[in-house]
Each structure stands twice: as structure tokens, then as C-alpha cells.
Amino acid sequence: MQAVLLAGGLGTRLRSVVADRPKPMALIEDKPFMEYVVRELKNHGITEIVFAVGYKGSMVEEYFGDGERLGIKVSYAYEETLLGTAGAIKNAGRLVTDERFFVLNADTFYQIQYDRLVKMSQEKNLDMALVLREVPDVSRYGRAVLEGDRLTAFDEKTEGASPGTINGGVYYMKRALLDEIPEGKVSLEHDMIPKWLSGGEKALGGIVNDGYFIDIGIPEDYYRFIDDVEKGAVTV
């Protein structure tokens, strides 16, 4: 199985504590954060990874090389200018050969049931399957709603704090969707998914997953992940 890891962002919010490297390469003990993500993918049989890189992307390539050291196959898709999430996926898509592939944010560690996502996607013939997660307050993020296994609302703004489900940032999508993404800077979350959902021509669905989740985008969460690794709460 193949995955695209989105690692091209500037990581400005973490720059105060990780100034010399891309955010996904922030060190956790003696390994970059992204190695934890890669090892988790390998544990689930995802052994071909395309790194979508930009800012200081050469540092990623110097560390992971061809992936042989970790028992995986690695390739790199560089973006010369910021392309947004969908633009980065389209740029990396030229290196994808599977009919369906995973997309993940390289600065997020999320333990999910990959086999469940694959099975549902194939059984329901979904164009894209998303992983949602429960949070106590969706107003900070925008609500994503499933009715059964079908996505019916995405990035929906709410007034006041309320519990619910939000986008977890893990996708399993058909390669054919790459043709629908225009050239240039395009957001998957704000442009393409809302467009596909409102058009009604694409089958979008998903699962709700309660596995360990962390996004190291801010210093507090970066230090929390370090602490979780040291305590043994995270193992790969």
C-alpha cells in the first residue's frame, strides 16, 4: 500500500522551539517526529511512501534516503512554491501507482484502524474515505458529520461549544481524484472536499476513530508528545 505524507509546510507556530528544520523533522529523543509516523504506517503494511516536501525538504531526503534502512520504499515530490494540501497531493500523485492511496499530515501522529478504512472504502466504492475523531468542542475546528458511513457535512461552523466529530486528517482516496484538482495552490479541506461533497457526484464517507492523536503544531503539543514517548504511552 502507498501513502503520501504531507511535509511541505513552514511550521511557523513551532519555529520558536524548532527553528533549524521542517516541523515533521522535530526531534523526539533521537529520532525525528516523522519517523514515528512512518514506523506506524509500516506496522499496518503501508511500505511505499511519497514525501511531499518543500521547506528544507532536502533534510527529509538526507535522513530517510530511499527508505531501505526502515524497510520501506521512499520517493520525494518537491514543491517549489506552497501548493496547499490538495496541490501538494496532486504534485505527489505523479509518483502514486495504486488505484487508492493514503494521505496523511506528517506533523500528526494518529493511531487508526487502517484495515477498517480500506475494507469500508472498497466495499462501498468510496472515492474518498476520511477518519474523523470525537472532540469535546467542535467550535474550534469545524464539524464533520457522518450519517451511517457517508459524509454529509464538512468544516461546518458552529456557534458555542459542543461535542462532536471533526476531521482527523487521514484520507484514503482514489487516484482518479487527482485529475479533479486544479493546478496551483489548492486546499483539500477548504476547496476540494466541500466541492466534492456539495456536487454530490463523489462518494465520500469515513469512520470515527478514538486512537491516540496528536498534532505537534504548537510547542505545548510537541513537548507533550516527547513526554508520552518517554512514558511509553506511544510505541511503534
Side-chain angles (χ1 to χ4, degrees), residues 1 3-7 9 11 13-14 23-24 28 33-34 36-41 43-44 46 85-86 89 100-121 123-124 126-173 187-190 192-194 196-197 203-229 231 233-236:
M1 292 188 290
V4 171
L5 268 181
L6 301 174
R13 293 180 300 163
L14 199 61
K23 179 171 54 172
I28 311 294
F33 177 83
M34 194 153 51
Y36 291 85
V37 179
V38 168
R39 288 184 181 276
E40 178 72 6
L41 291 174
N43 288 343
H44 290 273
I46 302 166
T85 45
I89 294 166
R100 286 183 172 92
F101 63 100
F102 290 96
V103 176
L104 305 93
N105 296 311
D107 58 0
T108 300
F109 185 86
Y110 197 4
Q111 293 185 314
I112 72 166
Q113 299 167 295
Y114 287 93
D115 56 345
R116 179 183 169 203
L117 196 66
V118 169
K119 182 179 180 183
M120 186 196 69
S121 234
E123 288 179 349
K124 304 295 183 180
L126 298 178
D127 293 288
M128 174 182 279
L130 299 81
V131 180
L132 308 188
R133 64 189 187 96
E134 293 269 3
V135 295
D137 180 9
V138 297
S139 64
R140 290 180 55 196
Y141 309 96
R143 187 192 308 269
V145 179
L146 290 174
E147 291 185 9
D149 52 27
R150 289 303 171 105
L151 188 72
T152 58
F154 186 82
D155 200 26
E156 181 181 71
K157 303 306 177 185
T158 61
E159 292 185 8
S162 62
T165 50
I166 64 169
N167 178 26
V170 178
Y171 314 93
Y172 188 56
M173 60 186 286
S187 168
L188 181 66
E189 301 87 346
H190 302 306
M192 300 312 303
I193 292 178
W196 290 329
L197 190 61
L204 306 182
I207 62 173
V208 179
N209 181 80
D210 61 358
Y212 180 94
F213 176 92
I214 197 164
D215 172 350
I216 62 161
I218 59 175
E220 292 85 350
D221 287 335
Y222 168 57
Y223 290 125
R224 180 159 65 90
F225 188 73
I226 292 175
D227 187 53
D228 286 344
V229 169
K231 292 188 302 186
V234 176
T235 58
V236 292

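As a basis for the values below, the full set of heavy atoms in this structure was taken, side chains included, without hydrogen atoms, waters or symmetry mates. Position 1 is the first residue of the sequence; numbering continues from there.
- Considering only heavy atoms from C-beta on, L151 comes within 4.5 Å of L130 through its side chain.
- Between S187 and A86, the shortest heavy-atom contact is C-CB, 3.7 Å.
- In this structure, the separation between CD1 on I214 and OG1 on T108 is 9.5 Å, given to the nearest 0.5 Å.
- Using bins of under 30°, 30° to 60° and over 60° for the plane-to-plane angle, the ring pair F109/Y212 lands in the perpendicular bin.
- Nearest heavy-atom pair across M120 and A129 is CE-CB, 4.1 Å.
- How far CE of M34 is from CG of L5: 6.5 Å, rounded to the nearest 0.5 Å.
- A 4.5 Å side-chain heavy-atom check between I89 and M192 finds every atom pair outside the cut-off.
- Side-chain contact between L188 and M128 is present, with heavy atoms from C-beta onward closer than 4.5 Å.
- Under the 4.5 Å side-chain criterion, counting only non-hydrogen atoms from C-beta, I216 is in contact with K23.
- A heavy-atom distance below 4.5 Å is not found between the side chains of N209 and R133.
- Looking at heavy atoms from C-beta onward, D107 lies in side-chain contact with D215 at the 4.5 angstrom threshold.
- D155 approaches H190 most closely through the heavy-atom pair OD2-ND1, 3.1 Å.
- In this structure, S121 and R100 approach most closely via the heavy-atom pair O-NH2, 3.5 Å.
- If you take CD1 on I226 and CD1 on I28, they are separated by 4.5 Å, rounding to the nearest 0.5 Å.
- When all heavy atoms of D137 and A161 are compared, the pair lying nearest together is OD1-CA, 3.2 Å.
- Between Y114 and H44, the ring-plane angle classifies as tilted under the 30° and 60° cut-offs.
- With a 4.5 Å cut-off on side-chain heavy atoms, F101 and M1 do not count as touching.
- Between D227 and R224 no salt bridge is recorded (no basic side-chain N to carboxylate O distance below 4.0 Å).
- Screening F213, Y36, Y171, F102 for a ring pair (Phe, Tyr, Trp, His ring centres under 6.0 Å) with Y110, the sole residue that qualifies is F213.
- Rounded to the nearest 0.5 angstrom, L117 CG and I112 CD1 are separated by 5.5 Å.
- Of all the heavy atoms in P24 and A106, the pair that sits closest is CB-O, 3.6 Å.
- In this structure, CD1 in I207 is found 6.0 Å from CD in Q113, a value given to the nearest 0.5 Å.
- Applying side-chain contact (heavy atoms from CB on, under 4.5 Å) to T152 and the options V145, L197, L204, L146 leaves one that passes, V145.
- The OG1 atom of T165 sits 13.0 Å away from atom OH of Y141, with the distance rounded to the nearest 0.5 Å.
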